[in-house]
Student: 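Just passing along the structure, written as structure tokens.
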There are 2 protein chains.
Amino acid sequence: MGHHKKGQSVSISDVARVAGVAKSTVSRAFIHPTLVAAPTRERIRRIADEMGFRPSRVARALSTGRTGLVGLVVPTLSNPFFGPLVAAMQQAAEEEDRQIVLMISELSAERETRIVERLSREVDGLIVATSLCEEAFLRKVAKEIPLVLVDRKVGRLASVLIDTPSGVAAIADHLIGMGHRRLCYVSGPPGSWADAPRIAALRTRAEQSGAEIVVAGPIPPTVDAGIEIAETVAAAGVTAVIGYNSATVLGLLHGLGTRGVRVPEDVSVASADDFILLQSTKPAVTVLHLPLEEAGQAAVRMLERLLRGERPGRPVVIGPRLVIRESTLRARPPGQQAGQS
Amino acid sequence: MGHHKKGQSVSISDVARVAGVAKSTVSRAFIHPTLVAAPTRERIRRIADEMGFRPSRVARALSTGRTGLVGLVVPTLSNPFFGPLVAAMQQAAEEEDRQIVLMISELSAERETRIVERLSREVDGLIVATSLCEEAFLRKVAKEIPLVLVDRKVGRLASVLIDTPSGVAAIADHLIGMGHRRLCYVSGPPGSWADAPRIAALRTRAEQSGAEIVVAGPIPPTVDAGIEIAETVAAAGVTAVIGYNSATVLGLLHGLGTRGVRVPEDVSVASADDFILLQSTKPAVTVLHLPLEEAGQAAVRMLERLLRGERPGRPVVIGPRLVIRESTLRARPPGQQAGQS
DNA sequence: TTGAAAGCGCTAACAT
DNA sequence: ATGTTAGCGCTTTCAA
């Protein structure tokens, strides 16, 4: 009763009839070209083309058991981390002639669980970014359907990791190399599993070079919280601070400024991620560039491998790149007063 | 040869056998409950439930011609405008038991056209946000498949519009009401169709109240461009400026600051959108809040109507809400010097 | 109220 | 190298 006729799409039988061959031959001409004699194949293809034949994904799916759909679950799209990630995956999936079914968990582990459960019966494979689900659940799902985790490691499950800890360590190296001896790390949201490894990496680096790490927080990853924590940071007697993410750092920049702490003269500031705004702040902030496009592609490629029945292999680790900008500076020689150059 | 057994899902035939009825009866028990005697229906449902029966979407799709898929096309996910929009649509679609197939055009009209073309043969309906395609093309697509446009109007095609022009006018009213007489509007990217209506609305308002509108730009919607244009704005002799979007405003804030122009004492600043960061700047910025969740829901509901074969009806217009914050202040009485309070 | 059977458009054995 | 046939799992006439 709808108004749309769905363009009476030409079916494989139509093509077969016109070409004077069997449906199966048409089918083969596309799926197993080598099984069809070259002239026949070309003729079929030409005719199909002329007729505007588009094989029905649905029929194919019913017949093969593969839908061509990849489920993608992300916790939110408000965090600028996920936009580029999703975009990259969509592009990569497209090249494999797959479509992305996107679902957003709204940062709720419970909702994510429901979503993954449902999705797992309706797609060929699943990519879950920054999963909040329980390990046991993810393990169970991975047994039922090819699953790639992004930004989360669970046992030997297929995963793509962004090695922020080593990136954060690189920031520390950079700072320590410039004479900083007492650094502050502002940690993120209370439950974040991202912080522990970063802090561990920082402590290792610090010990190796006689520097010291102070941890502030945890705080929510918001600009406001960053502003507030600036108080603590300013009082911590550090010459450099590394923020959990861009929002934190935006807040820090602002909070430190209003407290008369100059960046970078008094305190160097760096961010553990690289939301674009940080390149246009005053001063421009030293950041960790996270190659999210790369991560997205890697995830799709890995899923593709699983779909082919190959073993997951080791997690793919994407290394962030340190981008040094104006907000990090050589530490003042000890004893020199703030304000002097 | 894959490792995943896809959990031998129970089919409708399995349920039928166990329940001792025909497949068709099981099918009816779910799709047309009234056609099945209550006791039979309940028994079937119970058994199906116990067996963990999940009807195959694919089989159903092949049989009915409806996939349950909605195609969603957005130009990018890097712009914070689209995250909440997509999220809202996904949620709304989920409630209708539909899945969202997301595709990103990367701000390319050509790519968008390709995508829409492809998608239109593989989904039940299409939502296209901020389309860059040509009108003629969109009209053609709308004839073939239910299509809802968001943030773009093409003839009588179904659409959801965010009435930024009237919102911008509300900003102007607010400013003019506080004594401002010369306002600057910083326009967005060169080709943007968003600017003309806004500027028209502004001029109308200005004429009505003896105020004056200066247009700066067009400039790319980036922080950097905002910083640069601050020069022009500072020299324009205006007491208030309205920025194309949040990035522009972030840039303006910064650019004006470094030029010694105080906000809001010297110049009031407002933004035509409400990316979250603007509430934590110093000063917090007066913005137009865009109810994107509402827009997303409206789009899905509208598509649902089209899918039922109903007429599109008039475009749904979502009105932005003015959020007044610290960055807009009463204009200085004429003649009073900067620096005085 | 229920059952039987056709068919959606394709793929993949199996046959030739 | 190509044709024949049997499904894939569901919905939907049509019969009973």
Side-chain angles (χ1 to χ4, degrees), chain A residues 1-2 5-45 47-48 51-69 97 121-124 307, chain B residues 1-2 4-45 47-48 51-69 97 121-124:
Chain A
M1 206 45 106
K5 294 102 198 171
K6 268 289 193 180
Q8 255 353 304
S9 45
V10 262
S11 81
I12 199 172
S13 318
D14 301 331
V15 178
R17 191 168 346 96
V18 172
V21 298
K23 294 191 305 179
S24 49
T25 306
V26 177
S27 176
R28 276 190 291 250
F30 289 100
I31 322 217
H32 308 293
T34 58
L35 297 184
V36 176
T40 325
R41 190 202 320 138
E42 292 319 318
R43 194 166 47 86
I44 290 176
R45 288 195 159 167
I47 292 177
M51 298 179 71
F53 167 65
R54 313 291 304 153
S56 153
R57 277 182 171 255
V58 172
R60 180 173 290 181
L62 184 57
S63 171
T64 61
R66 279 167 279 113
T67 58
L69 260 31
D97 195 32
R121 312 178 178 245
E122 315 185 334
V123 297
D124 294 342
L307 286 165
Chain B
M1 207 41 110
H4 300 275
K5 295 102 199 171
K6 267 291 192 179
Q8 258 349 305
S9 45
V10 267
S11 80
I12 201 172
S13 316
D14 301 331
V15 177
R17 191 167 346 97
V18 172
V21 298
K23 295 191 304 180
S24 48
T25 306
V26 177
S27 176
R28 276 189 291 250
F30 288 100
I31 321 218
H32 308 293
T34 57
L35 297 185
V36 177
T40 324
R41 186 196 329 131
E42 292 317 319
R43 196 165 47 85
I44 290 176
R45 286 194 160 170
I47 292 177
M51 299 179 68
F53 167 65
R54 312 292 301 153
S56 152
R57 278 184 170 254
V58 173
R60 180 172 291 181
L62 184 57
S63 173
T64 61
R66 279 167 280 113
T67 60
L69 260 30
D97 195 32
R121 314 182 177 239
E122 315 185 333
V123 298
D124 294 342

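Predicted model only: the values in this text are computed from it and were never measured. Letters A, B, ... mirror the listed sequences (proteins, then strands); counts begin at 1.
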Student: Give me the atom names and distance for the closest heavy-atom approach of A/Val26 to A/Ala16.
Tutor: CG2-CA, 3.7 Å

Student: Where the side chain of B/Ser27 meets the backbone of B/Lys23, is there a donor-acceptor pair that is under 3.5 Å apart?
Tutor: no

Student: List the atom of A/Val10, the atom of A/Gly52, and the distance in Å for their closest heavy-atom pair.
Tutor: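 Nearest pair, atom of A/Val10 first, then A/Gly52: CG2-O, 3.2 Å.
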
Student: Do side-chain atoms of B/Thr40 reach the backbone of B/Val36 as a donor and acceptor pair under 3.5 angstrom?
Tutor: no

Student: Looking only at heavy atoms, what is the nearest atom pair of A/Thr25 and A/Ile44, with distance?
Tutor: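 That closest heavy-atom pairing would be CG2-CD1, 3.6 Å.
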
Student: Working to the nearest 0.5 angstrom, can you tell me the gap between A/Ser11 OG and A/Phe53 CZ?
Tutor: 7.5 Å

Student: Would you name the heavy atoms of B/Arg41 and B/Pro33 that are closest together and state the gap between them?
Tutor: NE-O, 3.1 Å

Student: In the 5'-to-3' direction, what one-character label does each nucleotide of nucleotides 8-16 of chain D receive under the scheme B = base within less than 4.0 Å of a protein heavy atom, S = sugar-phosphate only, - = no such atom?
Tutor: BBBBBB---

Student: For B/Gly68, is there any backbone N or O sitting under 3.5 Å from a side-chain donor or acceptor partner on B/Asp124?
Tutor: yes

Student: Please answer whether the main-chain N or O of A/Ala29 pairs with a side-chain N or O of A/Arg45 as donor and acceptor at a distance below 3.5 Å.
Tutor: yes

Student: Atom CZ of A/Arg17 and atom CE of A/Met51: how far apart are they, to the nearest 0.5 Å?
Tutor: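 Reported to 0.5 Å precision, the distance equals 7.0 Å.
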
Student: First and last nucleotide of DNA chain C in contact with chain A, 5' to 3', at under 4.0 Å to a heavy atom: what are they?
Tutor: C/dG9 to C/dA13

Student: Take the C1' atoms of the five end pairs on each side of the helix from C/dT1-D/dA16 to C/dT16-D/dA1, get both axes, and report the angle to 10 degrees.
Tutor: 40°

